[in-house]
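A, B, ... follow the sequence lines: proteins, then strands. Residue 1 opens every chain.
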There are 2 protein chains.
Amino acid sequence: MITNKNCIIRLSRYKNALYRLQALGFVKVFSDNLADAVGVTASQVRKDFSIFGISGNKKGGYQIDLLLEKLNSILGKDQLQKVIVIGAGHIGSALMRYRGFEKEGIKIIAGFDIDPAKINRSNVIPVLPLDEAKGFIKAQGIKIAILAVPDIAAQEVSEEISAAGIKGILNFAPLRLKDIEGCVINNVNLEIELENLIYFVNVAQKLK
Amino acid sequence: MITNKNCIIRLSRYKNALYRLQALGFVKVFSDNLADAVGVTASQVRKDFSIFGISGNKKGGYQIDLLLEKLNSILGKDQLQKVIVIGAGHIGSALMRYRGFEKEGIKIIAGFDIDPAKINRSNVIPVLPLDEAKGFIKAQGIKIAILAVPDIAAQEVSEEISAAGIKGILNFAPLRLKDIEGCVINNVNLEIELENLIYFVNVAQKLK
DNA sequence: ATCATATTGTTCCGTTTTTCACAATAACAT
DNA sequence: ATGTTATTGTGAAAAACGGAACAATATGAT
């Protein structure tokens with residue numbers, strides 16, 4: 001079974017590129033077209049496909065619609081993914097308002113916050129009290145949560161929601177969460193991303 | 001010269017862990033303490049340090065304050081980093097309000113948007129018209145930009161700002177920007193992060 | 001002063017990941 | 001029908017990466 005995160009990220013990128021190509025009217029695609037679009041080598045594209053048993057046609061490339069079907073199936077996009085957001089601060093509420101997830105079949109169906117002032121049950125995406133999260137997760141069978149709470153709270157909250165049934169957490173809190181059995185954690189750390197950028201910009205400057 | 005992004009990310013994590021240890025009163029640290037804090041092996045810690053010529057003391061470990069000094073210097077944190085945000089939509093304005101960057105020595109000094117309704121010159125972090133960005137970047141010598149514009153605009157805007165002097169872009173638009181000579185691009189793609197999480201959650205389920 | 005011990009720094013080794021290279025072959029041209 | 005060509009699929013080579021192991025050595029104990 002595939003455990004290589006980068007490989008799966010590439011599949012997502014292929015998929016996105018394929019939609020763009022499709023929108024431009026293309027029906028088939030060659031490995032080197034996709035490679036250019038995504039910024040990898042053509043070999044890499046073919047090998048990634050081969051890992052997942054995706055095959056094309058000698059001299060004919062890959063048929064975009066079939067390819068998308070397979071990629072979408074691998075990526076779990078053949079069903080709507082219901083997601084909750086924990087923490088309705090700046091980042092959390094921006095994510096709730098962000099429309100970009102919908103076209104990816106990802107739907108944020110509720111937010112949760114500990115602050116009573118943030119509660120809003122009548123909103124399109126309601127913001128509910130944090131202590132209702134556990135029941136909500138169980139009742140709705142939610143598997144994925146976006147964690148956007150202050151770092152001090154992140155560890156405790158992550159353990160609670162995973163105990164309630166969350167299997168995957170996208171963590172925005174700028175600290176490393178302790179591994180949780182049966183729960184996958186992906187970190188988005190904007191400070192570190194910026195630091196990283198700053199480093200490579202500085203290095204590039206020094207090279208000159 | 002180091003081109004391994006993961007290695008630099010680890011340096012950031014070491015740094016963050018060191019601040020936490022320092023806050024707890026620790027003065028020195030051993031490679032295995034840091035390893036535990038960050039979730040890597042002790043060998044990895046020592047090797048990372050060795051790459052950057054950071055040395056500790058046999059049997060004495062590393063002195064936290066000196067270590068932090070070196071890491072901060074490597075990561076370019078010995079000077080305030082002025083950053084601008086392009087695009088004052090949901091994500092862009094959340095980032096402008098986000099306080100987490102300040103303690104990292106990263107200061108967002110202005111936002112830019114093409115929509116006149118978003119302009120606000122009197123704000124603490126002013127939001128200025130997009131067509132002032134070029135002049136602003138040059139006048140202030142800005143090197144780093146956070147790009148949070150709709151995907152359709154991302155490519156064009158990225159080329160404009162890099163022509164004006166931007167050397168690093170943290171791109172939130174969900175598409176791959178064409179490589180730009182002399183400009184480093186890091187992508188933060190939330191859709192892909194979620195997709196990735198969904199994939200691994202599904203895989204974990206199937207394994208049972 | 002000598003010895004024992006803990007920890008670094010680095011070399012070596014195994015694994016993973018990427019790239020290269022080319023045989024297989026389907027499509028097309030003649 | 002035959003030959004040519006373009007592109008895939010994959011096996012082998014190379015590179016990158018991380019982990020284990022251990023020699024070197026500073027510190028502290030006796």
Side-chain angles (χ1 to χ4, degrees), chain A residues 1-14 17-18 21 26-71 74 176 179 196 199-200 203, chain B residues 1-14 17-18 21 26-71 74 176 179 196 199-200 203:
Chain A
M1 191 52 63
I2 300 303
T3 55
N4 182 344
K5 185 174 170 181
N6 285 331
C7 176
I8 308 302
I9 288 180
R10 285 195 299 270
L11 293 192
S12 286
R13 294 197 198 284
Y14 299 149
L18 285 167
L21 290 169
F26 289 93
V27 170
K28 63 179 190 178
V29 69
F30 301 118
S31 57
D32 63 334
N33 304 141
L34 254 184
D36 287 349
V38 170
V40 299
T41 64
S43 291
Q44 180 87 82
V45 173
R46 295 200 299 274
K47 179 143 295 185
D48 285 339
F49 287 174
S50 143
I51 288 169
F52 289 95
I54 295 175
S55 60
N57 310 302
K58 299 269 156 83
K59 201 164 178 181
Y62 304 83
Q63 207 176 321
I64 292 181
D65 54 356
L66 295 178
L67 191 46
L68 276 169
E69 239 171 64
K70 291 196 174 167
L71 289 175
I74 291 165
R176 186 187 133 79
D179 287 351
N196 202 263
Y199 171 83
F200 283 106
V203 167
Chain B
M1 191 53 62
I2 301 303
T3 53
N4 180 345
K5 184 173 171 182
N6 285 332
C7 176
I8 307 302
I9 288 179
R10 285 195 300 270
L11 294 192
S12 286
R13 294 196 198 284
Y14 299 149
L18 286 167
L21 291 169
F26 288 93
V27 171
K28 63 180 189 178
V29 71
F30 302 118
S31 57
D32 63 335
N33 304 141
L34 255 184
D36 287 348
V38 171
V40 299
T41 64
S43 289
Q44 180 84 82
V45 173
R46 296 199 297 276
K47 182 171 290 185
D48 285 338
F49 288 174
S50 147
I51 288 169
F52 289 96
I54 295 175
S55 59
N57 309 302
K58 298 269 157 82
K59 202 165 176 178
Y62 303 83
Q63 209 177 319
I64 292 182
D65 53 356
L66 295 178
L67 190 47
L68 276 169
E69 237 171 65
K70 291 195 176 169
L71 290 175
I74 291 165
R176 187 189 134 79
D179 286 352
N196 202 262
Y199 172 83
F200 284 106
V203 167

**Q** To the nearest 0.5 angstrom, please state how far the CD1 atom of A:I54 sits from the CD atom of A:E69.
**A**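 Output value for this atom pair is 11.0 Å.
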**Q** Where do A:F52 and A:C7 come nearest, in terms of heavy atoms and distance?
**A**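 Taking A:F52 first and A:C7 second, the nearest heavy atoms are CE1-SG, 3.9 Å.
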**Q** How long is the gap from CG on B:N57 to CG on B:L66, to the nearest 0.5 Å?
**A** 9.0 Å
**Q** Find the distance between CZ (A:F200) and NZ (B:K5) and round it off to the nearest 0.5 Å.
**A** 8.0 Å
**Q** How is A:T41 classified with respect to the nucleic acid when contacts are heavy atoms under 4.0 Å: base, sugar-phosphate, or nothing?
**A**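 Touches sugar-phosphate only.
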**Q** May I ask you to test the A:V203-B:T3 pair for a side-chain heavy-atom distance under 4.5 Å?
**A**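 They are not in side-chain contact.
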**Q** Of all the choices, D:dA12, D:dG9, D:dG18, which nucleotide is nearest to the side chain of B:Q44 once you look at every atom?
**A**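 Given the options D:dA12, D:dG9, D:dG18, the side chain of B:Q44 is closest to D:dG18.
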**Q** Encode nucleotides 22-30 of chain D as B, S and - characters from 5' to 3', where the letter depends on protein heavy atoms closer than 4.0 Å: B to the base, S only to sugar-phosphate, - to neither.
**A** --BBBB---
**Q** Atom NZ of A:K47 to atom P of D:dA15: distance rounded to whole Å?
**A**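 My rounded result for the distance is 16 Å.
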**Q** Nearest-Å distance, CG (A:N33) to P (D:dA6)?
**A**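 Roughly 15 Å, once rounded to whole Å.
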**Q** Round to the nearest Å and state the distance from A:F30 atom CZ to D:dA6 atom C1'.
**A** 8 Å
**Q** Just to verify, which of A:V38, A:L34, A:N33 counts as forming a side chain to side chain contact (heavy atoms under 4.5 Å, CB included) with A:L18?
**A**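 Checked A:V38, A:L34, A:N33 against A:L18; only one passes side chain to side chain contact (heavy atoms under 4.5 Å, CB included): A:L34.
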**Q** When you match B:V29 and A:K5 each to their closest nucleotide on DNA chain C, which lands nearer the 5' end?
**A** B:V29
**Q** Looking at side-chain heavy atoms only, is the closest gap between A:I8 and A:N4 below 4.5 Å?
**A**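 The answer is no; the side chains never approach within 4.5 Å.
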**Q** How many whole angstroms separate atom CG of A:L34 from atom P of D:dT7?
**A** 14 Å
**Q** For a quick check of understanding: with a heavy-atom distance under 4.0 Å over all strands, which category does A:D32 fall into, base, sugar-phosphate or nothing?
**A** nothing
**Q** Measure the spacing between CG of A:L11 and CD1 of A:I51 and express it to the nearest 0.5 Å.
**A** 8.5 Å
**Q** With sugar-phosphate meaning primed atoms plus P, OP1 and OP2, does B:Y62 contact a base, only sugar-phosphate, or nothing at under 4.0 Å between heavy atoms?
**A**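 Sugar-phosphate, backbone atoms only, no base.
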**Q** Taking any atom under 4.0 angstrom from a heavy atom of chain A, which nucleotides of DNA chain C are the first and last to qualify, 5' to 3'?
**A**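 First-to-last contact on DNA chain C, by the 4.0 Å heavy-atom rule, is C:dT17 to C:dA27.
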**Q** Quick one: which residue pairs count as a side chain to side chain donor-acceptor pair (under 3.5 Å) with a foot in residues 39-53 of chain A, not counting sequence neighbours?
**A**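 Qualifying pairs: A:R10-A:D48, A:Y14-A:D48, A:S31-A:R46.
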**Q** What is the distance, rounded to the nearest whole Å, between atom CG of A:N6 and atom P of D:dG18?
**A** 11 Å
